[in-house]
Amino acid sequence: MIYRQSSLVRKSIELILVIAGLGMIDQIFGLEMREWTLNPFLITVLLFSLRYGLTIGISSFLLVLVYYLVDMVIGGGDIFLVFYSFDRFINVALLLLVAVIGGMYGTSFRERYESLSDRNSELYEENENVKEVIQSVEESMKAMQNRVLESEYTLTRIYQVGKALDQPTPYLIRNEAIEIISDLFQSREVAIYHVDASFSAMRLSVKRGGPEAFPQTVFVSGEDSMLQRLFSNKTVTIRSVEDDEDAPVLAGPIIQNGKVQEVLIINDLDFERLTNYEIQILSVLLDWLSDRIDKSRASMQKEEEKKMYPGTCIYFKEAFEEKVIEQQDRKEKFDVDYSVIEVPYVNAGAVSKVEMEIILRSYLREVDIVGFEEGSGVFYFLLPGTSPENAGIVRDRLQKVMDEKVVQYVQ
C-alpha cells in the first residue's frame, strides 16, 4: 500500500531530517557517501520520489544537490566542478534522472491508488447501504411474519374477545371492554362516558387510570370540537392539531338505537399501534360492544321489572341496595365516585309513584337510580359519578321539589 501522507509540511520535515541525518553521518565519519556505488543519497531520492511523487522527488534532488555543494566547499573543492566535471556532472544528472523518473512513476501510481482507494470507499459505502437495506427488509419481513403468525386478532383471539364481552349486565360488559381495549392499544388511561340526552355533557361510567386521569363530568362545547365531530360522524375520531390540548387522543362512539349513547376515551396511546387495521378492529369492537350492551339491557329489563314498583322505574329498597353495592365495586376497582342521598316523602301516598317518578325524573340524569322504602316513606337516590361534596346540592334541590311541586300537585 502506498503511504498516504496529506500534509506537505510533514513530508518536507521528513525529507529534510533524512537528508540532514545522512549528511551529518557522512561528515562526522568522513564516509564520502556521494562517491559510493550504492549512494545512500541516490537511494533516498529514489525512495522519496516513488513514495511522494514528482514534487517531493525534485525537492529531494535539490536538497541533495545543496548538500553536494556544501560538501565541496567544506572539502576545499571548486563547486563549479559539480557542473563542469563530467564524472561529477554524471552523478548530478543521474540524481535528477532518478528524481524525475521515480517522481513520475510515484505520481502516476499515487493517482491510481487514490482513484482505486476512492472507488473502494464508494463501494464500501454502497455495501453498507445495501446491508442496511437488507437488514431493514429482513426486519420488515420478520415483523410481517410475526404479524401473520402471531397476530393478536386471530380467530382464537376474536373468540376470546367475544367470550369476554358475553356478560349478563352492561356494567360487566363495560368492565371487560376497558380491559380488552387497554390491552389492544397498550394504554393505561381508558374510560367510557355516558352521554346525556342533550349531548352537552358526559358522565364518567367506567375508567382505567389514576385518580386524576379522567374528570367525573366532561362538558361538550364548541361546534368544531373533537366530541362534536364524533357525535356528527359517529366514527372513531382522532385528535387533530386544531383541537384543544385537553381533548382526548382518541374517542370512539358506542351507538344504540342510532344515537351515540356512550363514548370510549383513550388518553395515552402508542401511535405505532394506531394503524388502519387497528382502527378497523376498534370500530368492530365498539359495534360489538354496542350490540352486547343493548342485548344485555333488553334481557335484564324483565328481571329488573321484578325489582321495581309496578309501572315505574323505582326500585324496592333491597334492589336499590344491590345497585349501591355495584357502585361500591366500581369505586374500588375504577375509582369512580358515587353518592347516595335520602329524601323523606312527607306526603307519602298522596301522589302515586308513577306521578312521583314523572316529577322527579325531570330533575335527575338518565344514569341516576331511584329507590323507595314503603315503610319509612323515604326516597333513595343513587348518583353515579357524583362526589359526596356535590351530593348535598342535589339533595336540597330534590327536597325543594318534593316540598313545593308535590304539595302543589296535590292541591
Side-chain angles (χ1 to χ4, degrees), residues 153 158 161-185 187 189-208 214-240 243 247-267 269 273-301 304 313 330 334 336 361 365-369 384-385:
Y153 311 109
I158 293 175
V161 170
K163 186 177 180 180
L165 292 179
D166 189 18
Q167 301 295 329
T169 66
Y171 166 71
L172 294 177
I173 292 174
R174 295 187 189 98
N175 293 351
E176 292 296 333
I178 286 290
E179 299 297 331
I180 292 170
I181 294 172
S182 298
D183 181 62
L184 169 64
F185 286 101
S187 176
E189 296 184 3
V190 183
I192 294 178
Y193 279 84
H194 181 272
V195 182
D196 284 353
S198 62
F199 291 95
S200 61
M202 302 192 307
R203 314 292 178 180
L204 183 62
S205 180
V206 181
K207 77 171 184 178
R208 181 177 183 180
F214 295 97
Q216 294 294 329
T217 303
V218 175
F219 295 98
V220 182
S221 60
E223 295 181 357
D224 298 329
S225 68
M226 177 180 175
L227 293 175
Q228 287 289 5
R229 295 200 309 272
L230 180 140
F231 294 150
S232 300
N233 301 330
K234 298 180 182 180
T235 58
V236 175
T237 305
I238 302 173
R239 184 176 69 187
S240 66
D243 293 322
V249 177
L250 182 146
I254 300 175
I255 303 173
Q256 295 170 3
N257 299 323
K259 295 183 179 180
V260 179
Q261 298 291 338
E262 299 177 63
V263 174
L264 168 73
I265 298 293
I266 300 180
N267 274 347
L269 184 63
R273 304 180 68 87
L274 194 61
T275 63
N276 290 333
Y277 180 69
E278 309 296 338
I279 295 298
Q280 291 175 2
I281 289 295
L282 180 60
S283 298
V284 172
L285 182 57
L286 290 176
D287 291 340
W288 204 344
L289 179 60
S290 301
D291 183 67
R292 290 304 310 152
I293 291 177
D294 193 35
K295 288 183 178 180
S296 66
R297 184 179 287 120
S299 63
M300 283 182 59
Q301 189 65 34
E304 292 294 306
C313 292
R330 291 180 59 202
F334 301 109
V336 178
R361 277 296 174 187
R365 302 168 302 174
E366 296 177 12
V367 295
D368 296 336
I369 297 175

Which atom names give the shortest non-hydrogen contact between [X] and [Y], and what distance separates them?
X      : Y      : result
Arg361 : Asp368 : NH1-O, 3.0 Å
Thr235 : Thr237 : O-OG1, 3.0 Å
Phe214 : Ile265 : CE2-CG2, 3.6 Å
Met226 : Ala251 : CE-N, 3.6 Å
Arg365 : Pro384 : NH2-O, 2.8 Å
Pro215 : Tyr193 : O-OH, 2.6 Å

Just by distance, do the side chain of [X] and the backbone of [Y] share a donor-acceptor pair under 3.5 Å?
X      : Y      : value
Lys234 : Gly258 : yes
Asp291 : Trp288 : no
Arg174 : Val206 : no
Ser296 : Asp294 : no

Would you say that [X] contacts [Y] through its side chain, given a criterion of any heavy-atom pair below 4.5 Å between the two side chains?
X      : Y      : value
Val263 : Pro253 : no
Val249 : Ile266 : no
Leu227 : Val218 : yes

Find the distance between [atom1] ([X]) and [atom2] ([Y]) and round it off to the nearest 0.5 Å.
X      : Y      : atom1 : atom2 : answer
Asn233 : Gln228 : CG    : CD    : 11.0 Å
Ile192 : Asn175 : CD1   : CG    : 8.5 Å
Ser225 : Phe219 : OG    : CZ    : 14.0 Å
Ser200 : Phe231 : OG    : CZ    : 9.0 Å
Gln216 : Lys207 : CD    : NZ    : 6.5 Å
Leu230 : Leu250 : CG    : CG    : 9.0 Å

- Item | Intermediate values then yes/no, side chain to side chain contact (heavy atoms under 4.5 Å, CB included), Asp196 and Val220 | CA-CA 10 Å; Asp196 284 353; Val220 182; over 6 Å; no

Consider side-chain contact (heavy atoms from CB on, under 4.5 Å). Of Leu286, Ile255, Ile293, which one does Glu262 pass it with?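 Among Leu286, Ile255, Ile293, the one meeting side-chain contact (heavy atoms from CB on, under 4.5 Å) with Glu262 is Ile293.
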
Partners passing side-chain hydrogen bond (donor to acceptor under 3.5 Å, both in side chains) against [X] (at least two apart in sequence or in another chain):
X      : value
Thr217 : Arg203
Glu304 : Tyr315, Lys323
Lys259 : none

Problem - Test log, rule side chain to side chain contact (heavy atoms under 4.5 Å, CB included), inputs Leu289 and Leu264 - result: CA-CA 11 Å; Leu289 179 60; Leu264 168 73; over 6 Å; no

Practice item. Answer with yes or no whether the side chains of Ser290 and Asp287 bring together a donor and an acceptor at under 3.5 Å. Key: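 The answer is no; no qualifying pair exists.
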
